[in-house]
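Structure, as C-alpha cells:
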Number of protein chains: 2
Amino acid sequence: MGARYASPIRVWIGAMKTNAIFKRTYNSCLKLLSTEPIGDDLGSEPHLAARLDVSRTTIRAALAALSARDLIRVNGREKIIQRRPVPSDYYPEIETEPVSDIVEKRFMQWILHGDCKPGQQINSLELARQFGVSTSAIREYLNGFSQFGLLERRPSGSWIVKGFTKEFARELSEVRELFELRSVQRFVELPDSDAVWGSLDIINRDHLRLKEDVEKRHADFPALDERFHRLINNTSRNRFMVNFYALISMIFHSHYQLSRVDEKERHSVAIGEHLAYIAALQSRDKELAMAHCRAHLNTARATLLRSMDVNAPA
Amino acid sequence: MGARYASPIRVWIGAMKTNAIFKRTYNSCLKLLSTEPIGDDLGSEPHLAARLDVSRTTIRAALAALSARDLIRVNGREKIIQRRPVPSDYYPEIETEPVSDIVEKRFMQWILHGDCKPGQQINSLELARQFGVSTSAIREYLNGFSQFGLLERRPSGSWIVKGFTKEFARELSEVRELFELRSVQRFVELPDSDAVWGSLDIINRDHLRLKEDVEKRHADFPALDERFHRLINNTSRNRFMVNFYALISMIFHSHYQLSRVDEKERHSVAIGEHLAYIAALQSRDKELAMAHCRAHLNTARATLLRSMDVNAPA
DNA sequence: TGACTGTTTATTATCGACTAAAAGATGGGA
DNA sequence: TCCCATCTTTTAGTCGATAATAAACAGTCA
C-alpha cells in the first residue's frame with residue numbers, strides 16, 4: 001500500500017475513436033467515382049449518405065478530402081468529378097476496419113489455431129500487444145465472446161480458455177438439434193403462401209446445380225449450407241434460437257476453413273442429405289422431416305468430432 | 001472537422017479500481033472478530049485468505065486497517081483481538097459492491113420497472129450519471145446484457161430497448177421448456193446412486209414443510225423454486241442450457257419481486273405442481289415426468305404473461 | 001522442514017480524456 | 001415548399017493511467 005503516486009501532470013498520448021468509418025466511406029466514394037464519367041456530378045450529400053449508409057457528417061468529411069486531393073471540384077451544390085482515382089488514392093483495407101472487427105478476426109484465429117491450450121489463462125495485456133489494440137478492446141471482446149462457452153471467468157477476473165473440446169462440440173450439437181427440430185415442426189406447418197417455400201425451392205435448385213458440378217464447385221457448399229440452415233432456424237421466430245444459430249454458424253464456418261480432409265466427399269454426402277431433408281420438408285410430413293433433420297445433424301456432429309481428432313488430438 | 005485539439009497537457013483526475021473487495025473483506029473480518037472472545041488470535045494470513053476467498057494481499061490490507069483502528073494488535077505472528085467492533089466500524093454496504101454489480105442491479109430495476117418504453121434509445125451518458133458510474137461501465141454492461149435479447153444494437157452503435165414484451169416472454173418460455181424437458185429425460189435415467197436423488201429428496205421435504213406453513217412462509221417459495229429447477233437443469237451437463245437457466249432465473253426473480261398480486265395463491269399452486277413433478281421424477285417414469293414438467297411450465301408461462309398484463313398494459 | 005510473514009511483480013478493474021460520427025438546428029436557394 | 005449545405009450539439013468508441021488485487025518470490029521462525 002506504499003505511496004506510489006506519480007506526478008499528476010501527464011502528457012496526453014493516444015486514445016481516440018478511430019476514423020475507420022471515414023476511411024471506408026472515402027474508399028467507397030472513390031469506387032463510385034471510378035464508375036462514373038469525368039465531369040459528372042456526384043449527387044447531393046443526403047443521397048450519398050443514404051447510399052453508403054453513413055451520416056452526412058461523414059460524407060462531408062469524405063467530400064472535403066476528395067476535394068483536397070483534386071479528385072472532385074466542389075462548387076456550391078455541384079461536385080464535379082475531376083480525375084480517375086489511382087490505387088494509391090485508396091486507404092489501406094486494414095485502416096477501414098473498426099477495432100472491434102480487428103479484435104474479432106485476430107482472436108478467432110488465435111483461439112482456433114493458435115497455440116492456446118485448454119486450461120490456459122488469458123493474458124489480456126499480452127493479447128493486446130499482440131493484436132495491436134488496447135487492453136480495453138480485448139476486455140470488451142472477451143466479455144462478449146464468453147457467452148459462446150469457450151471461456152470461463154475466474155473469480156479473480158482473469159479468463160481461462162476452456163478450449164474447443166469434444167465436450168463442447170457435443171453440447172453445441174445437442175442444442176442445435178433441439179432448436180432445429182423445433183424449427184422444422186414450425187416449418188412444415190407454414191401455409192403454402194408463406195415466402196419460405198419459395199426460398200426453399202431456390203435453395204433446392206442451388207443444391208441440384210451444385211451437385212452436378214460438385215467436382216469444381218464443392219467449395220461453394222459452406223455458403224449454401226449456411227443459407228439452408230439459417231432459413232430453417234429463422235422460422236422459429238425465436239430470438240434465442242436465431243442467436244444460437246449465429247454461434248453454430250461461426251463455429252462451423254471456422255471448421256470448414258480448418259479441416260480440409262476429404263472435403264469434397266463430405267460435401268457430397270451433405271448435399272445428398274440436404275436434398276432428402278428438403279424433399280421431406282416439401283412433403284409437409286412432419287415426422288419424415290424431423291427424421292431427416294436428425295439424420296443430417298448426426299452426420300454433421302460426427303464430422304465435427306472427427307475433424308477434432310485430426311486437428312487437436314487432445 | 002475544425003481543429004479543436006486542446007492542449008496536450010492534462011491534469012490526471014480520477015480513474016482507478018475500486019477497493020470494494022478490501023472493504024468487504026474488512027467487514028467480514030469484523031464479523032469474525034465479533035464472534036470470537038477478546039484476546040483470541042485470528043489465525044494466519046493464508047488461513048484467513050482461504051476462508052474469505054481473497055488473496056493474502058487483501059487480507060494483509062484488512063489486518064493493517066484493523067490494527068490501525070486498534071481492533072487487533074499485531075505482534076509478530078500474533079493477531080490479538082483487542083475490542084468488539086461497533087456498527088460505525090463497518091464500511092457501508094454499498095461500498096462493498098463492485099461497480100459491475102451496482103450497474104447490474106440498477107439496470108435491471110431500470111429496465112423492468114423504470115420508465116423505459118420499447119423502442120426507446122438508451123443514452124449511456126445519461127444512465128452513467130443516473131447510476132453514478134462511468135460510461136465505460138454502462139457500455140460494458142450493455143454489451144453483456146444484449147445477449148439476453150432485450151436490447152438491440154443500432155448501426156450507429158447506440159442501443160434501443162426492445163422491451164420486456166409478451167413476445168419476449170413467449171420465446172423465453174419456449175426455450176425453457178425445450179431445455180427442461182431434455183434435462184428431465186436425462187434426470188430419470190440417472191442411476192440410483194447419483195447424488196441428485198438425495199438432493200431431490202431434500203427439496204421434496206422442503207416443499208412439504210413449506211406447504212404446511214404456506215400462510216406465513218410463502219415468501220420463501222421463490223428460493224425453493226430456483227433450487228428445484230436449477231437441480232434439474234444442471235443435470236443436462238450442457239453449458240448452454242445451464243447458462244440459459246441463469247437468464248430464466250434472473251427474469252423470474254425480478255418478476256417475483258414485482259408482481260405481488262395473488263402471490264400466496266400462485267405459490268400454493270406452484271408448490272402442488274412441484275410436488276407432483278417431483279413424484280413423477282422419483283417414479284423414474286419418463287413420460288409422466290415430462291407431462292408434469294410441461295404442465296408446470298405452462299402454468300409458469302401463463303403466470304408470467306398475466307403479470308405483464310397487470311404491470312405493463314402495452 | 002514446512003508453514004508463516006515480508007516484499008516484489010504481474011494482471012485486472014475502472015475511469016475520464018479525447019475525437020469520430022451521428023443527430024439536430026438554422027438559414028438559403030431553386 | 002422542399003431540398004440542400006453549413007453550423008452546433010449530442011453520443012459513442014478507443015485509449016492509457018492508476019490503484020486494487022492476485023500471484024510469485026524470498027527470507028524467517030518454530
Side-chain angles (χ1 to χ4, degrees), chain A residues 1-8 10-23 25 43-47 49 54-61 63 74 76-77 79 98-100 103 121-126 128 133-140 142 153-159, chain B residues 1-6 8 10-23 25 43-47 49 54-61 63 74 76-79 98-100 103 121-128 133-140 142-143 153-159:
Chain A
M1 307 285 276
R4 279 191 293 159
Y5 293 88
S7 155
R10 291 275 147 221
V11 177
W12 191 260
I13 298 174
M16 55 178 177
K17 196 170 179 176
T18 60
N19 60 350
I21 294 187
F22 160 74
K23 286 174 177 170
T25 305
S44 74
E45 292 175 0
H47 281 151
V54 293
S55 74
R56 264 189 16 257
T57 308
T58 306
I59 288 291
R60 283 175 62 74
L63 291 176
V74 178
R77 299 192 169 185
K79 305 154 194 74
V99 174
S100 50
V103 174
Q121 183 172 335
I122 292 181
N123 184 330
S124 47
L125 187 60
E126 172 61 27
V133 299
S134 74
T135 53
S136 311
I138 297 289
R139 179 180 161 75
E140 168 160 343
L142 292 180
R153 219 196 176 85
R154 292 219 309 200
S156 65
S158 63
W159 296 96
Chain B
M1 305 288 276
R4 278 191 293 160
Y5 292 89
R10 290 276 146 219
V11 175
W12 191 260
I13 298 175
M16 57 178 174
K17 197 170 179 174
T18 61
N19 60 350
I21 293 186
F22 160 75
K23 286 174 176 169
T25 304
S44 74
E45 293 173 0
H47 281 149
V54 293
S55 74
R56 212 159 60 79
T57 308
T58 306
I59 288 291
R60 282 174 65 76
L63 290 176
V74 177
R77 297 192 170 185
E78 287 181 334
K79 305 155 194 75
V99 173
S100 49
V103 175
Q121 183 172 335
I122 291 181
N123 182 332
S124 47
L125 187 60
E126 172 62 25
L127 272 191
V133 299
S134 73
T135 53
S136 311
I138 296 290
R139 178 180 161 75
E140 168 160 343
L142 291 180
N143 246 321
R153 223 198 173 82
R154 293 219 308 201
S156 64
S158 64
W159 297 97

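Just so we're on the same page: letters track the sequence lines, and every chain starts at 1.
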TODO: Give the nucleotide from the list C:dT14, D:dA5, C:dA21 with an atom nearest to the side chain of B:Val99.
DONE: C:dT14
- [ ] To the nearest Å, give me how far apart CZ (B:Arg139) and P (C:dT14) are.
- [x] 15 Å
Open item on the list: Side chain of B:Ser156 only, heavy atoms from C-beta on: which candidate in D:dT21, C:dA22, D:dA12 is closest?
Closed with: C:dA22
Open item on the list: Go nucleotide by nucleotide along DNA chain D from the 5' end; which of B:Arg153 and A:Ser136 gets its closest nucleotide reached first?
Closed with: B:Arg153
- [ ] Using heavy atoms to find the nearest nucleotide of DNA chain C for A:Ser124 and A:Asn19 separately, return the residue whose nucleotide is more 5′.
- [x] A:Ser124
Open item on the list: Measuring from the side chain of B:Ser55 (C-beta onward, heavy atoms only), which nucleotide among D:dT21, C:dA21, D:dA5 has the closest atom?
Closed with: D:dT21
TODO: Whole angstrom is fine here: how far is it from CG in A:Leu63 over to P in D:dC4?
DONE: 13 Å
Task: From B:Ile138 atom CD1 to B:Leu127 atom CG, the distance as rounded to the nearest 0.5 Å - done: 5.0 Å
TODO: Round to a whole Å and report the spacing from CD of B:Glu140 to P of D:dG13.
DONE: 14 Å
- [ ] Let me know which of B:Arg77, B:Lys79, B:Arg56 forms a salt bridge (charged side-chain N to carboxylate O under 4.0 Å, His left out) with B:Glu45.
- [x] B:Arg56
Task: Distance in angstrom units between B:Leu125 CG and D:dG13 P, rounded - done: 13 Å
- [ ] Assign each of A:Gln121 and A:Arg60 to its nearest nucleotide of DNA chain D by heavy atoms, then name whichever residue's nucleotide is nearer the 5' end.
- [x] A:Arg60
- [ ] Please tell me which of B:Thr18 and A:Ile59 maps to the more 5' nucleotide of DNA chain C, matching each residue to the nucleotide holding its nearest heavy atom.
- [x] B:Thr18
TODO: Check the distance between C:dT11's C1' and A:Ile138's CD1 and give it to me in whole angstrom.
DONE: 14 Å
Task: Heavy-atom pair with the smallest gap, counting every atom of B:Pro98 and B:Ala20 - done: N-CB, 3.9 Å
- [ ] Could you please name the option among D:dA22, D:dA5, C:dA21 that lies closest to any side-chain atom of A:Pro46?
- [x] D:dA5
TODO: Let me know the distance between CG of A:Asn123 and C1' of D:dA22, rounded to the nearest Å.
DONE: 13 Å
Open item on the list: Quick check: any donor-acceptor pair below 3.5 Å linking the side-chain of B:Ser158 to the base of C:dA22?
Closed with: no
TODO: Output yes when at least one side-chain N/O atom of B:His47 is less than 4.0 Å from OP1 or OP2 of C:dA3, else no.
DONE: no
Task: Interatomic distance, B:Glu140 atom CD to A:Ser136 atom OG [nearest 0.5 angstrom] - done: 9.5 Å
Open item on the list: Please determine whether any donor N or O and acceptor N or O are separated by less than 3.5 Å between the side chain of B:Ser100 and the base of C:dA13.
Closed with: no
- [ ] For A:Trp159 and C:dT12, give me the distance from atom CH2 to atom C1', rounded to whole Å.
- [x] 12 Å
Open item on the list: Please determine whether a side-chain nitrogen or oxygen atom of A:Ser134 lies at a distance below 4.0 Å from atom OP1 or OP2 of D:dC15.
Closed with: yes
Interface polar pairs with nucleotides 25-30 of chain D, N/O, under 3.5 angstrom:
residue: D:dT28; atom: O2; partner: B:Arg77; partner atom: NH2; Å: 3.4

- [ ] Would you kindly check whether a donor in the side chain of B:Lys17 faces an acceptor in the base of C:dT12, or vice versa, at under 3.5 angstrom?
- [x] yes
Open item on the list: Please report the interatomic distance CZ(B:Arg153) to CH2(B:Trp159), rounded to the nearest 0.5 Å.
Closed with: 4.0 Å
Open item on the list: With a cut-off of less than 4.0 Å, is there a side-chain N or O of B:Thr58 near OP1 or OP2 of D:dA22?
Closed with: yes
Open item on the list: Just to verify, what does A:Thr135 make a side chain to side chain contact (heavy atoms under 4.5 Å, CB included) with, not counting sequence neighbours?
Closed with: A:Leu125, A:Ala128
- [ ] List the atom of B:Ala137, the atom of B:Val103, and the distance in Å for their closest heavy-atom pair.
- [x] CB-CG2, 4.2 Å
Open item on the list: If you only use heavy atoms from C-beta on, which nucleotide in C:dT14, C:dG6, C:dC4 is closest to the side chain of B:Glu45?
Closed with: C:dG6
Open item on the list: Using whole Å, what does the distance between atom C1' of nucleotide C:dA13 and atom CG of A:Leu142 come to?
Closed with: 14 Å
Open item on the list: Within the 4.0 Å heavy-atom criterion, would you say A:Lys23 contacts the bases, only the backbone, or no part of the nucleic acid?
Closed with: nothing
- [ ] Please state whether the phosphate of C:dA23, meaning OP1 or OP2, lies under 4.0 angstrom from any side-chain nitrogen or oxygen of B:Arg154.
- [x] yes
Open item on the list: I need the minimum non-hydrogen distance between A:Ile21 and A:Thr25, along with the two atoms involved.
Closed with: O-OG1, 2.7 Å
Open item on the list: Applying a 4.0 Å non-hydrogen cut-off, can you work out what A:Ile122 is touching in the nucleic acid: base, sugar-phosphate, or nothing?
Closed with: sugar-phosphate
